[in-house]
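What follows is a short report on a single structure.
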Amino acid sequence: MIPAPFEYRRVDSVDEAIQALSEGTDAKLLAGGHSLLPLMKLRLARPSLLVDISRLQDLKYVKEDGDRVAIGALTRHHDVANSEVLQELCPIVSYAAGEIGDPQVRHVGTIGGSVAHADPASDMPTVLVALGAEMQVRGPGGVRNVGAGDFFKGLFEPDLASNEVLTEIRVPKTAGRGWSYLKFHRRAQDWALVGVAALAQNGAGPSVALTNMADRPLRAAGVEEALAGGADPATASERAAEGTRPPTDAFASAEYRGELVKVLVRRALEEAQAR
Amino acid sequence: TETGQTQLLRYVAVDDCGVVMNPMIVDGQVHGGVAFGIAEALYEEVLYDESGNLVTGTMTQYLVPSAAEMPSFELDRTVTPSPTNPLGVKGIGEAGTIAAPPAVINAVVDAVSHLGVTEIGKPATPERVWKAIRDARGGAA
């Protein structure tokens, strides 16, 4: 199918983008387009105006910023995956970026676009929740910061007003912490049937987040509690399905996902502990 | 055996074909046929909901695998010229597709037969394999 009719405007700055978005209630940002355009072609999304920010060079960067790494929202997945800064300082992010879609998607899709789309089956939102990452959002009223745990409010529902722009994502440096991101999928380019991001114990405690087990990325609270109490991966992973509401769809039933997540959590924890 | 995920390690195909006019094309035809036979055994499935609506209506849900999911195929052939035409040629495009689904399904069943599984429906998705294992164990996962 083809999209419903829409207007198109390319802007040269974030402020121009905010202005364009504020003109109606029906405008959407266009970055890589790999989440939005398929929805428009199925007519599940029908924005009347597309505001193209894909060429804003000042939102494409990966740089150290104190105890964090700052990633510009328009950085392509390919560049996130190949960033030496991230590979050294926060490798779970660069690894997860390399798991997204296929090479064509990774060369066009952006980290900001994936995050703002807030699909619970996406890899990057889950990893950011496990990390406790921080999102920087700019709107007509100024700049605000949102923690990843609060940013994903529901199915395709990010904490973003219709005239706000996600400008930066800040992830903590994780040097020395074991990590693992396991994506269970049938074909190389498929979304995760179930995914698990695990970060081994540090001062803040182990963190485990799940892809596609609810309407948003979920921390596996039961598993984290068991681990904090000294349980080994096999025992802790038995609690992996607690609090989850996995979907039943063409790929798998909720029942199977609920069992699969336990196996994946155990494997992810073992891999994180071995790193 | 924990997730039901199938990974093809090797695929060997020996075809008795007619006179080979272009070996590269014959190999390519077998590759394509085998790939789609594997797809039928492990990936492709048409699903409807309770109201009769097609659920697998796009290429994201109707799974057609790519080279990334396939092992490298090992091919060989014997040549029996066809008696029905001057060149002795036969078709080769369907050979792979006919043999591959039963070969793959039988291999999947064989791989988990030690757990008591005797049959698995087609396509042998991870969930189907996982359920077959679970049912063979008497319901325990």
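Side chains of B/Gln61 and A/Asp190 form no contact here, defined as non-hydrogen atoms less than 4.5 Å apart.
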Worksheet entry | From CA spacing to verdict: salt bridge (Lys or Arg N to Asp or Glu O under 4.0 Å), A/Glu255, B/Arg134 | CA-CA 12 Å; A/Glu255 181 199 9; B/Arg134 189 193 59 179; 2.6 Å; yes
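Between B/Glu69 and A/Arg186 no salt bridge is recorded (no basic side-chain N to carboxylate O distance below 4.0 Å). With respect to the salt-bridge test (charged N to carboxylate O, under 4.0 angstrom), the residues A/Lys262 and B/Glu2 do not qualify.
A 6.0 Å sphere centred on OH of A/Tyr8 holds more than 12 heavy atoms belonging to other residues, nucleotides or ligands. Enclosure of atom NZ in A/Lys28 is not indicated, since only 12 or fewer non-hydrogen atoms of other residues, nucleotides or ligands lie within 6.0 angstrom. Residue A/Glu7 places its CD atom among 12 or fewer non-hydrogen atoms of other residues, nucleotides or ligands, all under 6.0 Å distant.
The CG atom of B/Asp49 sits 13.0 Å away from atom CG of A/Asp249, with the distance rounded to the nearest 0.5 Å. With rounding to the nearest 0.5 Å, the separation of CG in B/Leu63 from NE2 in A/His185 is 12.0 Å.
Within residues 110-129 of chain B, the residues having any heavy atom closer than 4.5 Å to a heavy atom of chain A are B/Thr125, B/Pro126, B/Glu127, listed by residue number. The stretch residues 9-47 of chain B places B/Leu42, B/Tyr43, B/Leu47 near chain A, each with some heavy atom under 4.5 Å from a heavy atom of that chain.
Within the 3.5 Å criterion, the main-chain N or O of B/Val64 finds a donor-acceptor partner in the side chain of A/Arg187.
Sorted by first and then second residue, the ring-ring contact (aromatic ring centres under 6.0 Å, His included) pairs involving residues 222-275 of chain A (not counting sequence neighbours) are A/Tyr256-B/Trp130.
Interface remark: B/Thr6 contributes no atoms to any contact with chain A (heavy atom separation under 4.5 Å). In this structure, chain B has a heavy atom under 4.5 Å from the side chain of A/Arg267, while its backbone stays farther away. For B/Met70, no part sits under 4.5 Å from any heavy atom of chain A, backbone or side chain.
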With a cut-off of 3.5 Å and sequence neighbours excluded, list every side-chain donor-acceptor pair involving residues 37-47 of chain A.
residue : atom : partner : partner atom : Å
A/Arg43 : NE   : A/Ile2  : O            : 2.8
A/Arg43 : NH2  : A/Ile2  : O            : 3.1
A/Arg43 : NH2  : A/Pro3  : O            : 3.3

